[in-house]
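In what follows, a single structure is set out as structure tokens and then discussed.
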Amino acid sequence: MPNLHDIERRINSVNSTKKITRTMEMVAAAKIRFASERVEKATPYSDSMAEMLADVATRVGGAENALLKKHDEVKNVLLVVMVSDRGLAGGFNSNILREAEHLMKAKAAAGAQCHVVACGKKAIGYFTYRNVTPVLEFAGLSADPTVEEAMTIAQYAISGYTEGALDEVVLLYNHPKNAAEQVMRTEMLLPVDTSALAQDGEGATSGDVDFEPSAEAVLDSLLPAYVQTMVYHALIDSAAAEQGARRNAMMSATDNATEMVETLTRLYNRVRQGAITTEINEIVGGAAALED
């Protein structure tokens with residue numbers, strides 16, 4: 001059984017850790033508000049973009065844009081993996097990275113080669129360790145993604161798909177269902193499925209619309225903007241989910257530290273009581289021996 005000094009030192013250590021986790025929990029809670037507000041402000045724009053694209057595609061009919069055409073064979077797949085730069089966020093990173101690895105194995109079994117865009121230091125380290133060199137790397141931006149980052153990813157995906165170097169582009173990220181729960185999402189970015197967008201949205205708007213210079217030209221302009229918007233929305237969605245996951249992880253760590261301190265305190269009191277009882281017995285025994 002440990003002595004009183006060891007138990008007391010362990011209690012002090014756990015209390016110090018508890019202060020750190022509690023502080024990190026409060027910091028993450030403060031960041032959640034900013035991240036959630038950014039997502040709320042961007043969501044109406046991305047929804048409107050999807051509805052407008054579906055509307056224009058419906059009016060155009062059989063469009064010839066390369067971003068709408070499915071390739072006959074899927075030989076090259078681009079996975080855009082969005083995780084965080086730091087850990088201490090529970091299963092936030094591991095769930096996405098594990099899903100990416102499963103998807104890569106499934107695509108390889110189907111005869112396709114996967115290329116990776118790594119967003120976040122954890123993704124860069126994960127794939128580099130497994131001898132997978134990302135085609136694009138972004139570090140230090142997971143908590144505060146930028147439009148430039150989204151533009152770079154979108155331009156790479158669009159150029160690769162239109163030139164035939166890529167046959168599919170898939171986004172993998174965490175979506176904050178609420179402040180306490182995150183949901184993993186796997187979304188097909190390219191080719192763009194306008195029929196699915198029409199089903200998710202309200203469909204085509206009523207009334208006559210004049211397109212300048214033509215509906216096809218408007219559609220050709222909307223598609224790259226749509227791809228960039230979807231990438232940026234996924235990035236800020238992942239940033240909000242990261243703060244929520246970190247707050248949950250630090251809250252659990254704080255609760256566990258509190259429980260551990262209580263357990264150690266009970267053990268300390270039990271050991272201390274045992275030591276006092278032993279000392280009393282020794283004193284009584286010594287006094288009895290002197291009387292004899």
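For this chain, numbers begin at 1 and follow the sequence in order. Heavy-atom basis, side chains included; hydrogens, waters and symmetry copies ignored.
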- Task: Following the transitive rule for hydrophobic clusters with a side-chain heavy-atom cut-off under 4.5 Å over Ile, Leu, Val, Met, Phe, Trp and Tyr, establish whether I153 and V135 coincide in one cluster.
- Result: yes

- Item | R10 atom CZ, neighbour heavy-atom count above 12 within 6.0 Å | no

- For N269, what residues pass the side chain to side chain donor-acceptor pair (under 3.5 Å) criterion, not counting sequence neighbours? none

- Query: salt bridge (Lys or Arg N to Asp or Glu O under 4.0 Å) with K107: which residues, sequence neighbours excluded?
  - Reply: E168

Distance-only criterion, 3.5 Å: show the donor-acceptor pairs between side-chain atoms of residues 118-131 and protein atoms not counting sequence neighbours.
| from | atom 1 | to | atom 2 | distance (Å) |
| --- | --- | --- | --- | --- |
| Y126 | OH | E101 | OE1 | 2.3 |
| T128 | OG1 | I124 | O | 2.6 |
| R130 | NH1 | Y126 | O | 3.2 |

- Identify the heavy atoms of R38 and P145 that sit nearest to each other, and give their distance. NH2-CD, 3.5 Å

- Task: Not counting sequence neighbours, which residues clear side-chain contact (heavy atoms from CB on, under 4.5 Å) with A257? List them please.
- Result: V14, K18

- Item | Residues which pass salt bridge (Lys or Arg N to Asp or Glu O under 4.0 Å) with R272, listed by chain and number, not counting sequence neighbours | none

- Task: Find the distance between OG (S36) and NZ (K41) and round it off to the nearest 0.5 Å.
- Result: 12.0 Å

- Query: Given L267 and T263, is the side-chain contact (heavy atoms from CB on, under 4.5 Å) satisfied, shown in steps?
  - Reply: CA-CA 6 Å; L267 177 61; T263 302; 5.8 Å; no

- Query: To the nearest 0.5 Å, how far apart are CD in E25 and CE in M251?
  - Reply: 4.5 Å

- Query: Taking atom CD of E187 as the centre, does the number of heavy atoms from other residues, nucleotides or ligands within less than 6.0 Å exceed 12?
  - Reply: yes

- Message: Does Q182 form a side-chain contact (heavy atoms from CB on, under 4.5 Å) with K177? I'd like the steps, not just the answer.
- Response: CA-CA 5 Å; Q182 296 77 42; K177 185 176 181 180; over 6 Å; no

- Rounded to the nearest 0.5 Å, what's the gap from CG on N95 to CG on N174? Could you check? 7.0 Å

- Exceeds 12 heavy-atom contacts within 6.0 angstrom, atom CE of M26: no

- Starting at CD of E242, measure out to CZ of F92 and round the result to the nearest 0.5 Å. 5.0 Å

- Message: Any side-chain to backbone donor/acceptor pair from S142 onto D85? Under 3.5 Å, distance only.
- Response: yes

- Item | Whichever hydrophobic residues join I20 through chains of side-chain contacts under 4.5 Å | M24, L88, M250

- Under the salt bridge (Lys or Arg N to Asp or Glu O under 4.0 Å) test, residues paired with E37 that sit two or more places apart: R33

- Could you tell me whether a side-chain N or O of R246 sits under 3.5 Å from a main-chain N or O of G87, the two making a donor and an acceptor? yes

- How close do I7 and L264 get, heavy atom to heavy atom, and via which atoms? CG2-O, 3.6 Å

- Item | Spatial distance of atom CD (E163) from atom CD1 (I158) [nearest 0.5 Å] | 11.5 Å

- Message: Using the salt bridge (Lys or Arg N to Asp or Glu O under 4.0 Å) criterion, which residues pair with D255? Sequence neighbours excluded.
- Response: none

Less than 3.5 Å apart, which donor and acceptor atoms pair up between the side chains of residues 72-84 and the rest of the protein, not counting sequence neighbours?
| from | atom 1 | to | atom 2 | distance (Å) |
| --- | --- | --- | --- | --- |
| E73 | OE1 | K75 | NZ | 3.2 |
| N76 | OD1 | H115 | NE2 | 3.1 |
| S84 | OG | R86 | O | 2.4 |
| S84 | OG | N93 | OD1 | 3.0 |
| S84 | OG | N93 | ND2 | 3.0 |

Pair up each side-chain donor or acceptor in residues 227-239 with any protein partner under 3.5 Å, not counting sequence neighbours, and list the distances.
| from | atom 1 | to | atom 2 | distance (Å) |
| --- | --- | --- | --- | --- |
| T229 | OG1 | A225 | O | 2.7 |
| H233 | NE2 | T43 | OG1 | 3.1 |
| D237 | OD2 | H175 | ND1 | 2.6 |

- Task: Determine which pairs satisfy side chain to side chain donor-acceptor pair (under 3.5 Å) with at least one residue from residues 147-162, sequence neighbours left out, and list them in order.
- Result: none

- One should read off an interatomic distance between L172 CG and T186 OG1, to the nearest 0.5 angstrom, of 4.5 Å

- Using the test side chain to side chain donor-acceptor pair (under 3.5 Å), find all partners of D47 that sit at least two apart in sequence or belong to another chain. none

- Message: Please determine whether residues M151 and V117 belong to a single hydrophobic cluster, defined as Ile, Leu, Val, Met, Phe, Trp and Tyr linked transitively by side-chain heavy-atom distances below 4.5 Å.
- Response: no

